[in-house]
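A short worksheet on the structure shown next.
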Amino acid sequence: MFPLCCDELPETAPELEAELNRGLRQFVSTASDPVRVTDLKYPQLEKVTVELVSATLRIETPPRSDALAAAQPALTVQTVTTRAERLSVGPGKVDVELKAEDVAFHQGRGSDGKIVLLLKNARAGTLNIAADQSEIETAIATVARSEAAKQGVAIEQVKLFLDSHGPRQLDGEVHLRARKLFFTAIIRIFAKVELDQELTARVSGLRCNGDGTIGSLACGFLAPHLEKMEGRTFPLSAFPLGDIRLRDVRFDVGERLRLTAEFGS
């Protein structure tokens, strides 16, 4: 989905490019304009390219369209490419790449009343999201240290273990070494992540156990946070899929955790 900052669809490719850059900057912090539009015969476009390098995703998310069903045809594009390298999402970093051919965009309106371009359909495309396990460990450590410090507990080490059970299910285990004064303990947090065909991840099976008094203390202050996370879902797609049908959605576990999908109407 591409939110714009205007009340009406732009009338030329240069105007569209400017509005796409303005809209993207509402929820992505980046040093330069990331969007390039190559005209064919407007509103028929040759290319729309989005390049984000070391950008930061803001806390705010782009406005969702409240009128997807009522959206009207807007643009066609021969090739759409979106690439984000080391996109900062909270305390972690991910790489994202989306490629689509023969794309049709419809226009709706976001909750703010501004124009939103919705990916209606595409002949073919691929989506790849990847993160180093070390980056995921760093993100977990950042959150864990912040919460543990409130209880006078220091988190000295974090290690993540992932195992795939089928293409769309991950079992995760996080080992944390905690210290309070002269005492140390290992804390283990377990979770399961399941991914559906609409790229929505559901977290379940969260539990914690730890060694000795320090481990019990740490699991005690973590318990309310784990309870809040149990059963929560997280949409990994930034846009309504319209008539797009995803296929071959899968996790791949290695030094990098990868999520891949193909799509086409």
Side-chain angles (χ1 to χ4, degrees), residues 1-3 27 50 57 59-69 71 80-84 87 89-90 92-101 103-106 108 110-111 116-133 135-136 139-140 143 160-174 189-207 225-254 256-265:
M1 180 174 80
F2 291 96
F27 61 98
V50 183
L57 184 67
I59 299 299
E60 297 83 7
T61 57
R64 308 291 291 185
S65 173
D66 298 323
L68 178 59
V80 175
T81 303
T82 300
R83 184 180 297 107
L87 176 66
V89 182
K93 297 182 185 296
V94 299
D95 296 335
V96 180
E97 185 174 35
L98 181 145
K99 294 182 178 179
E101 303 291 336
V103 178
F105 284 100
H106 281 201
S111 56
V116 175
L117 291 180
L118 306 159
L119 180 59
K120 179 64 175 177
N121 55 58
R123 177 178 57 81
T126 57
L127 172 66
N128 294 277
I129 303 173
D132 292 340
Q133 285 211 33
E135 291 282 2
I136 302 174
I140 294 171
V143 175
L160 173 66
F161 301 91
L162 294 173
D163 189 19
S164 59
H165 288 273
R168 300 202 302 272
Q169 180 178 318
L170 289 177
D171 285 348
E173 186 174 336
V174 181
I189 300 174
F190 304 87
K192 180 170 68 175
V193 179
E194 295 175 285
L195 188 68
D196 67 17
Q197 283 294 119
E198 302 302 323
L199 290 189
T200 298
R202 181 178 182 273
V203 180
S204 63
L206 284 160
R207 56 190 176 88
H225 300 282
L226 299 181
E227 290 174 2
K228 290 179 182 179
M229 292 287 291
E230 180 68 27
R232 284 190 60 183
T233 57
F234 301 88
L236 303 182
S237 172
F239 47 82
L241 295 174
D243 290 338
I244 298 297
R245 294 294 177 262
L246 295 173
R247 58 181 182 271
D248 297 329
V249 178
R250 63 180 297 113
F251 283 119
D252 291 303
V253 178
R256 307 200 86 199
L257 174 62
R258 298 181 183 273
L259 185 159
T260 62
E262 297 181 1
F263 57 87
S265 55

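FYI, the numbering just counts along the sequence from 1. Remember, it's a predicted structure, so these values are computed and weren't measured experimentally.
- For the pair E97 and R83, the salt-bridge criterion is met [side-chain N within less than 4.0 Å of a carboxylate O].
- When atom types are taken as modelled, the side chain of E101 and the backbone of R123 share no donor-acceptor pair closer than 3.5 angstrom.
- Separating the OG1 atom in T126 from the CG atom in L98 is a distance of 6.5 Å, to the nearest 0.5 Å.
- Between D252 and R250, at least one side-chain N (NZ, or NE/NH1/NH2) sits under 4.0 Å from a carboxylate O, which counts as a salt bridge.
- The shortest non-hydrogen separation linking A201 to V193 is CB-CG1, 4.0 Å.
- Residues S204 and E194 are in side-chain contact: their nearest non-hydrogen atoms beyond the backbone lie under 4.5 Å apart.
- For Q133 (side chain) and G254 (main-chain N/O), a donor-acceptor pair under 3.5 Å exists by modelled atom type.
- Among the candidates L195, D163, L257, the single residue satisfying the side chain to side chain contact (heavy atoms under 4.5 Å, CB included) test with L170 is L257.
- With rounding to the nearest 0.5 angstrom, the CG atom of D196 is 11.0 Å from the CZ atom of R202.
- Rounded to the nearest 0.5 Å, atoms CG (D248) and OG1 (T260) are 7.5 Å apart.
- Inter-residue side-chain proximity for H165 and D171 is flagged as met; some heavy-atom pair is nearer than 4.5 Å.
- Between the R258 side chain and the A130 main chain, no donor and acceptor come within less than 3.5 Å of each other.
- The nearest pair of heavy atoms linking R168 to V249 is CG-O, 3.1 Å.
- Closest heavy-atom contact between F263 and R247: C-NH1, 3.5 Å.
- Under the 3.5 Å distance criterion, the side-chain polar atoms of E230 are matched with a main-chain donor or acceptor of G205.
- Note that CG of L162 is 6.0 Å distant from CD1 of I136, once rounded to the nearest 0.5 Å.
- With salt bridges taken as basic N to acidic carboxylate O contacts below 4.0 Å, none links D132 and K93.
- The one candidate from V116, L118, V50, L119 that meets the side chain to side chain contact (heavy atoms under 4.5 Å, CB included) condition with F2 is V50.
- Of all non-hydrogen atoms in L206 and L226, the two that sit nearest each other are CD1-O, 3.4 Å.
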